[in-house]
Amino acid sequence: MQVYDKLYIHGEWVASLGTGHIDVLSASTEEVMGRIPEGTVEDVDRAVRAARTAFDSWSTRPVEERAALLRRLQAGLTARQDELARTITGELGMPIALSKPIQVGTPIAVTGTYVQLLQDLSFEEQVGNSMVVREPVGVVACITPWNYPLHQTIAKVAPALAAGCTVVLKPSEVAPLNAFMLAEILHEAGVPPGVFNLVSGTGPVVGEALVRHPEVDMVSFTGSTRAGRRVSEVAAATVKRVSLELGGKSASIILDDANLKTAVKRSVGNCFLNSGQTCTAHTRLLVPRAQHEEAVKLAAEVAAGFTLGDPFKGEAKLGPVISDAQRTRVREYIQQGIREGAKLVAGGPEQPEGLPKGYYVKPTVFANVTPEMCIAQEEIFGPVLAIMPYDDEDDAVRIANSTIYGLAGGVWSEDVERAKRVARRMRTGQVDINGGRFNPLAPFGGYRQSGHGRELGRYGLEEFQELKAMQL
Ligand code: NAD
């Protein structure tokens, strides 16, 4: 059991002013694996005041000092990477062999990019007779989801601290234990009191109290589009800056000259990563109509290779989804797909054989999916792939752009210039060409209802800065 009974405010572990707690369940055993305080509105107020008080000093510290803190943070994360990976695998269910490089390795790398960027970037420039300076935006509320919990947190906290902001973090109440470990690491790294604060609790209570608080200057939110809409509404009352990283329904377009086998294999893998609980997951696979049957056969074969099982054991390629609620939701979507007339070619809504415990969902593939179907429009957030035939390139682009989302996508073609032309027509924040790999320095974020604002690299740092012009 990992029990945390205190919040981290003004450099100290302090009891919540409330009495509630939240149990954290293991995705693979369904048993309680930890406990955290259920914070209150009063806890939020204390944390925001601590962050406000600390801002005056932290925002004026030399850049080298901020870089040094981040360097110590990176060392602390590295020292505890095994423990962090085990905790996240327990909370979330991602196989341990993947948790270490992805769930923990990525945040370590991202922290390193900010150490480097602080050395490389200049925060002032001359524009005509003006000196333009970049200043920290102020007190930032970071509200994060459960699917890549440490990565989502670091993608906000590292650039916010680098920019000179102070932070109050509210992690997801579903996978919060890693955030408490992060607070321990920051404390050991010598973060000054009030510069980083942690208040755990639910979205409607702690989350909304942060968004509403007049002393919070900015909300950096990652989560569902539904909660993002609510955050925007509440933040409007104090006209605070809001950055939203929301849901997605991304399309992988296989062009007719692509290597079909490789493209299908990699697209299915992309969709099923983290049991489909990835905001950028390529959950729609768009294939030329003439190659649809062949692509379906290949995808079903690849899906069959995704062995479900205990995420702590080596043989599992796919763990459970995070919770009972998520499992129910994903199964309902699978049933909806069947009702809508899509062809089920792998998986299905039943509990997988031999796994009576754990929130497992069979890796599922639908064929002959059409754009108006619910399973082609809504974010399922489970291991469910929709294969959709298209007529020509224009049709593929039209289908790819036909949801409310615009987070990510992929294009596969032997002709990279052709793939880039198609990628430019996709209304999304990122497009992977022929499976191009993740780049922590590239801007990350969405078009349309996938949100606004960008994380990572210098773009992520600039989110936390105000611009001031001094006319000389
Ligand atoms: P969620 O929206 O339920 O919760 C996200 C966070 O917001 C949690 O900390 C939650 O407590 C808080 N929250 C909920 N309601 C709130 C409110 N009214 N006010 C303030 N805070 C509130 O999302 P989730 O289920 O934790 O995560 C899955 C979702 O996150 C998916 O939709 C996924 O696509 C999205 N996501 C997006 C990105 C991205 O970068 N675009 C990355 C990861 C996840």
Side-chain angles (χ1 to χ4, degrees), residues 22 24 36 38-39 41 44 91-92 102-103 106-107 110 141-156 168-176 178-179 198-213 216 219-237 240 242-250 273-283 321-323 325-327 329-330 333 378-382 403-408 428-430 438 442-456 459-460 463:
I22 298 172
V24 181
I36 55 157
E38 183 177 5
V41 173
V44 167
E91 293 177 301
L92 182 61
I102 298 176
Q103 297 281 1
T106 309
V110 167
C142 299
I143 303 178
T144 54
W146 48 258
N147 58 330
Y148 290 85
L150 186 62
H151 168 62
Q152 295 305 336
T153 301
I154 288 291
K156 299 180 185 317
V168 181
L169 168 67
K170 192 213 88 67
S172 164
E173 61 274 39
V174 189
N178 60 88
L198 166 69
V199 181
S200 52
T202 66
V205 176
V206 172
E208 283 200 24
L210 279 167
V211 179
R212 194 174 291 116
H213 203 294
V216 170
V219 178
S220 176
F221 176 88
T222 300
S224 60
T225 295
R226 176 194 49 75
R229 284 189 197 110
R230 177 71 187 147
V231 166
S232 294
E233 276 170 27
V234 176
K240 52 176 61 87
V242 176
S243 134
L244 298 175
E245 300 285 345
L246 308 177
K249 188 76 191 175
S250 300
L273 179 71
N274 203 22
S275 298
Q277 303 164 118
T278 303
C279 51
T280 54
H282 296 172
T283 51
V321 297
I322 183 131
S323 62
Q326 192 64 17
R327 177 175 56 183
R329 186 184 134 95
V330 176
Y333 272 114
E378 295 182 18
E379 185 182 52
I380 299 174
F381 233 52
T403 75
I404 60 167
Y405 297 110
L407 189 57
T428 68
Q430 41 266 300
F438 175 73
F444 181 94
Y447 285 27
R448 313 189 72 219
Q449 293 190 36
S450 288
H452 47 75
R454 291 292 178 270
E455 294 196 312
L456 304 182
Y459 314 93
E463 287 289 316

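FYI, side chains are in, hydrogens and waters are out, and symmetry mates aren't considered; it's all heavy atoms of this structure. Being a predicted model, the structure only gives us computed values, none of them experimental. For ligands, and for the atoms within them, numbers begin at 1 and follow the listed sequence.
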Under 3.5 Å, side chain of Q326 to main-chain N/O of S323, donor-acceptor pair present?
-> no
Roughly how far apart are T225 OG1 and E245 CD, rounded to 0.5 Å?
-> 11.0 Å
By ring-ring contact (aromatic ring centres under 6.0 Å, His included) - contacts of Y405 (at least two apart) | none
Counting N and O atoms only, with roles assigned by atom type, does the side chain of K249 sit under 3.5 Å from a partner on the main chain of I404, one being a donor and the other an acceptor?
-> no
Short N or O separations between ligand 1 and the protein, below 3.5 Å:
residue, atom, partner, partner atom, Å
ligand 1, 2 (O), S224, N, 2.8
ligand 1, 2 (O), S224, OG, 2.6
ligand 1, 9 (O), T144, O, 2.8
ligand 1, 9 (O), K170, NZ, 3.1
ligand 1, 11 (O), K170, NZ, 2.9
ligand 1, 11 (O), E173, OE1, 2.7
ligand 1, 11 (O), E173, OE2, 3.4
ligand 1, 11 (O), G203, N, 3.3
ligand 1, 18 (N), E208, OE2, 2.9
ligand 1, 23 (O), S224, N, 3.4
ligand 1, 25 (O), W146, NE1, 2.8
ligand 1, 26 (O), W146, NE1, 3.2
ligand 1, 30 (O), G223, O, 3.2
ligand 1, 32 (O), E379, OE1, 2.6
ligand 1, 34 (O), E379, OE1, 3.4
ligand 1, 34 (O), E379, OE2, 2.6
ligand 1, 41 (N), L246, N, 3.2
ligand 1, 41 (N), L246, O, 2.7

Lys/Arg-Asp/Glu bridge criterion (N-O < 4.0 Å) met for R454, E463 = no
Just by distance, do the side chain of N274 and the backbone of N147 share a donor-acceptor pair under 3.5 Å?
-> yes
